[in-house]
There are 2 protein chains.
Amino acid sequence: MTNPTIVEVARLAGVSITTVSRCLNAPDKVGKKTLAKVRKVIHDINFSPNVLAQSFRRGRTNIILVVVHEIGSWLFADILEGIRAVVDGRYSIILTESRPDVTENGTFIDMLVARQVEGVILLCSPLPFSRKLIELAKSKPLPIVIGLEPVSDDLGQFPSVHIDNHQAAYDATQYLIRLGHVEILFVSGPKNSYVTKDRELGFIAAMRDAGLGMDGDRVIHSDLSANGGINSAIEILARPTRPSAIFCANDDVAMGVMSVAAKRGLRVPEDLSVMGFDDTRYAALTNPALSTVLQPARDIGVKAAQKLLQAIERPDDDAPRTEILPHRIVVRDSTALRR
Amino acid sequence: MTNPTIVEVARLAGVSITTVSRCLNAPDKVGKKTLAKVRKVIHDINFSPNVLAQSFRRGRTNIILVVVHEIGSWLFADILEGIRAVVDGRYSIILTESRPDVTENGTFIDMLVARQVEGVILLCSPLPFSRKLIELAKSKPLPIVIGLEPVSDDLGQFPSVHIDNHQAAYDATQYLIRLGHVEILFVSGPKNSYVTKDRELGFIAAMRDAGLGMDGDRVIHSDLSANGGINSAIEILARPTRPSAIFCANDDVAMGVMSVAAKRGLRVPEDLSVMGFDDTRYAALTNPALSTVLQPARDIGVKAAQKLLQAIERPDDDAPRTEILPHRIVVRDSTALRR
DNA sequence: CTGAAAGCGCTTACAG
DNA sequence: CTGAAAGCGCTTACAG
């Protein structure tokens, strides 16, 4: 029982395969009666074109690749939702994580070349990986859009969509300062991360502008996971002086910090204000509910997907390269006036 | 600048395209010197075969489809990690959510047929969707493996991998009963969900076996989201008598319940014990840390992927149909002796 | 508006 | 061990 092909359809409808093909791809170029006849046959024998043959012939796969840091975070899930809303029905999405064990072994890059994805949305661009991608883009044109992250110099050629991370961190820090906090620490991300570097600089700038010195280690680096938050908190609480506020580079880190605080009997926000970043779905559920900085995740996905489709389908249009989306400070219960 | 093809390689190496093809696919059937010569050319001109042509010719895509309820839950992320570990380098994964707006519009099923995915791992099987899938599997052979969920009668023909949800819920309920709780409620999932139905029955069985009546509405249905947990908790706390323990069908619901408890000034576990299900990554981070039932998520992914690959690659082998993985009660700080 | 024909880049019997 | 040739199922100039 082999699938019917357009040859079979043509035979049954008494037309040429060219006409059948046209009925599928450009029905307005076919006579009404012919179209009806062919469509009836297609329906009767439940024909659907072999997409493999179409892809091959057209040289197009209708697949895009989305690179995330880690599947399973709501931030990425929400961005993906936005991407999907834009590309749905036109492109399939293959998702990959940028963790070294996924990308380093080479099979991944091979697949990129091989599978002929038509474009890439990079929601994170760790260095060895992004370099490979850039090389790839040199040898064959590969539309790439950066989302979520600010663009490193290497990637400056590509369009991007993100918030002003520097300003957002500045605003959040300023908010804490206005609550009277002086001893504020920032739990940042990995040292090679461009996003958290921006946030770090925003934090530092706000501190400086408020006349608060940056004596001691006010910036702690973490891996942006809850565990990273836990480790950072343990390190912080082992110091001779305790900060009155900790600003975390994302919500997961903040949750880790709060869980340590709870275990040590520190009350949040009475003894310690904790601020997150991202406003993921769990932020409102923590106890106390987490104050944080909202990133418009779904919008980032939507805009990134739009830019990518434009780059794929109208490569000559000069698209605006960078788009900055608004952020917002979300005040909940984990931050309060300094006691 | 068009990509080189095997014709070009053959020309440069002075062999036939057949030989080039063999060098790629069955190198042991080629003479040593020829192989070396061809490989040198391939390397020199940086040739890589057109995968679109290969797929077309072979009639294989090397793509599998994974259907999840919602991207962005750690449960699914961990399962996916397991799947990926098994299929990596051999198959690409296309991920889709089973939410009605994604699956109902038909384009999704079309894509399923069209994209010629080679197999499906169903991590959730909501009814209208699974029915379509089953019909599809009738008209053309489509390997399907069910993971996470127990198998409904419709899907009984397919292999599956999951825990014994009935027993797991029974165990968790018994644990709460042994803590002295009598007024225990179960916040279940949607009424059409097979997984949570099993857990519901396990809960009821444990209550019965302990001689605790099932008077009143001891089972509340939710959508398995944190918001669902919030709504259920609000409903529960509006009742004339307050339970001393709430067992939730997943961790998200439990987090919702705990957040309401916190807002109402109810202390967990002193005033109310809360138990979750899944042991997702956030379970250990809640305040207090959540007692829950562990599902071996990564293992579920690994086993499901292994079963699928077997079904794809050795369709005649009679694979064991159902595999039950072990669960485990994880006791943390959200459950305590009844006061 | 319609059709005959070439061709996309591979793989795979078949023959030697 | 190697090659000539057919063919996978489409799309697309080209001609009428």
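Worth knowing before you read on, the calculation uses all heavy atoms, side chains too, and leaves out hydrogens, waters and symmetry mates. So you know, we letter chains A, B, ... as the sequences are listed, proteins then strands, and number each from 1.
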Return the orientation label for the B:H69 and B:F76 ring planes: parallel under 30°, perpendicular over 60°, tilted otherwise.
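Plane angle between 30° and 60°, so tilted.
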Does a donor on one side chain sit under 3.5 Å from an acceptor on the other, for B:R84 and B:Y91?
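Result is no, nothing qualifies.
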Can you see whether B:N25 engages B:R58 through a side-chain donor-acceptor pair at a distance of less than 3.5 angstrom?
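Yes, B:R58 and B:N25 have a side-chain donor paired with an acceptor closer than 3.5 Å.
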Between [atom2] of [N] and [atom1] of [X], the distance in whole Å:
X: A:I6; N: D:dC8; atom1: CD1; atom2: P; answer: 12 Å
X: B:Q54; N: C:dC8; atom1: CD; atom2: P; answer: 17 Å
X: B:N25; N: C:dC10; atom1: CG; atom2: C1'; answer: 9 Å
X: A:L52; N: C:dC10; atom1: CG; atom2: P; answer: 15 Å
X: A:R22; N: C:dA4; atom1: CZ; atom2: P; answer: 11 Å
X: B:L24; N: C:dG9; atom1: CG; atom2: P; answer: 15 Å
X: B:R11; N: D:dG3; atom1: CZ; atom2: P; answer: 16 Å
X: B:R58; N: C:dA13; atom1: CZ; atom2: P; answer: 13 Å

What is the minimum heavy-atom distance between B:E149 and B:I146, and which atoms define it?
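Residues B:E149 and B:I146, closest heavy atoms: O-CG2, 3.8 Å.
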Identify which nucleotide among [options] has an atom closest to any side-chain atom of [X], counting heavy atoms from C-beta outward.
X: B:N50; options: D:dG3, C:dC10, D:dT12; result: C:dC10
X: B:T5; options: C:dT2, C:dG9, D:dC10; result: C:dG9
X: B:T18; options: D:dG3, D:dT11, D:dC8; result: D:dG3
X: A:R57; options: C:dT12, C:dG3, D:dT11; result: D:dT11
X: B:F56; options: C:dC8, C:dA13, D:dC8; result: D:dC8
X: B:T19; options: D:dC8, D:dT2, D:dC10; result: D:dT2
X: B:P49; options: C:dG3, C:dT11, C:dC10; result: C:dC10

Pairing nucleotide - D:dA13, Watson-Crick or G-U, each distance under 3.5 Å
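With both distances under 3.5 Å required, D:dA13 matches none.
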More 5' along DNA chain C: A:L35 or A:I17, using each one's nearest nucleotide?
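Between the two, 5'-proximity favours A:L35.
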Residue met sooner reading DNA chain D from 5', once B:A53 and B:V15 are mapped to nucleotides
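Nearest-nucleotide comparison on DNA chain D picks B:V15.
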Find out whether B:P49 and B:I6 are in side-chain contact, i.e. whether some heavy atom of one side chain is under 4.5 Å from a heavy atom of the other.
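Result no, sub-4.5 Å side-chain heavy-atom pair not found.
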So, OP1 or OP2 of D:dT11: does either fall under 4.0 Å of a side-chain N or O from A:S21?
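So the side chain of A:S21 is within the cut-off, an N or O lying under 4.0 Å from OP1 or OP2 of D:dT11.
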